[in-house]
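Inspection log for the structure reproduced underneath, given as structure tokens.
Keep in mind that the numbers below use all heavy atoms, side chains included, and drop hydrogens, waters and symmetry copies.
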Amino acid sequence: MEDSYRKLDESIKAIREAEEFLYISMAWWWDDSVGRELFKEVEAAKNKGLDIRVEMRPDPSNEQIENRLSKLKIEVKQIVEFHAKAICT
């Protein structure tokens, strides 16, 4: 579990340090405590004016976060059989 929290901290740090763009590839982004924490950071990055794009699977488990991202006018590209995790800044 400690490794999961370290990865969350690293993801949050990368999002906070982004200056111009933020591209996120995440096959599954659940609306749980971790997913909401990441969303909160992405929302803050959007409010800073960053170009943000997200790739994820077209999966029912992603719908809640995808809807929240869409409300922020963040482009979400759905990729079938996608399996990756990356945050690029």
Check your understanding: Which distance, rounded to the nearest 0.5 Å, do you find between the CD1 of Ile65 and the CZ of Arg36?
Key -> 7.5 Å

Study note, to complete from the structure: Sequence neighbours excluded, the answer for salt bridge (Lys or Arg N to Asp or Glu O under 4.0 Å) partners of Glu17 is Lys13

Review point. Rounded to the nearest 0.5 Å, how far does CG of Leu8 lie from CG of Leu38?
Key: 5.5 Å

Review point. Around Lys77, counting heavy atoms of other residues, nucleotides and ligands shown, do more than 12 lie under 6.0 Å from its NZ?
Key: no

Without placing hydrogens or testing angles, list every side-chain donor-acceptor pair under 3.5 Å for residues 68-76, not counting sequence neighbours.
| from | atom 1 | to | atom 2 | distance (Å) |
| --- | --- | --- | --- | --- |
| Arg68 | NH1 | Asp31 | OD1 | 3.3 |
| Ser70 | OG | Glu66 | O | 3.0 |

Check your understanding: Partners of Glu37 by side-chain contact (heavy atoms from CB on, under 4.5 Å), sequence neighbours excluded?
Key -> Ile12, Lys40, Glu41

Practice item. Could you pull out the closest heavy-atom pair between Gln78 and Pro58, with the gap in Å? Key: OE1-CB, 3.3 Å

Exercise for review: Over all heavy atoms of both residues, which pair between Ile87 and Ala14 is shortest? Give the atoms and the distance, please.
Suggested key: CG2-CB, 4.1 Å

Check your understanding: Are Ile24 and Phe82 connected in a single hydrophobic cluster, I mean Ile/Leu/Val/Met/Phe/Trp/Tyr linked by side-chain heavy atoms less than 4.5 Å apart?
Key -> no

**Study point:** Summary of ring pair (Phe, Tyr, Trp, His ring centres under 6.0 Å) pairs that have at least one residue in residues 34-54, sequence neighbours excluded
**Key:** none

Check your understanding: Taking only residues two or more places apart in sequence, or in another chain, which ones meet Lys46 in a side chain to side chain donor-acceptor pair (under 3.5 Å)?
Key -> none

Exercise for review: Could you list the residues that satisfy side-chain contact (heavy atoms from CB on, under 4.5 Å) with Trp30, not counting sequence neighbours?
Suggested key: Trp28, Asp32, Ser61

Point to revise | Under 3.5 Å: donor-acceptor pair, side chain of Trp29, backbone of Met56 | key: no

Check your understanding: salt bridge (charged side-chain N to carboxylate O under 4.0 Å, His left out) between Arg53 and Asp51: does it pass, once the steps are laid out?
Key -> CA-CA 7 Å; Arg53 300 175 193 184; Asp51 173 31; 3.3 Å; yes

Review point. Looking at Leu50 and Ala18, what are the two nearest heavy atoms and their distance?
Key: CD2-CB, 3.3 Å

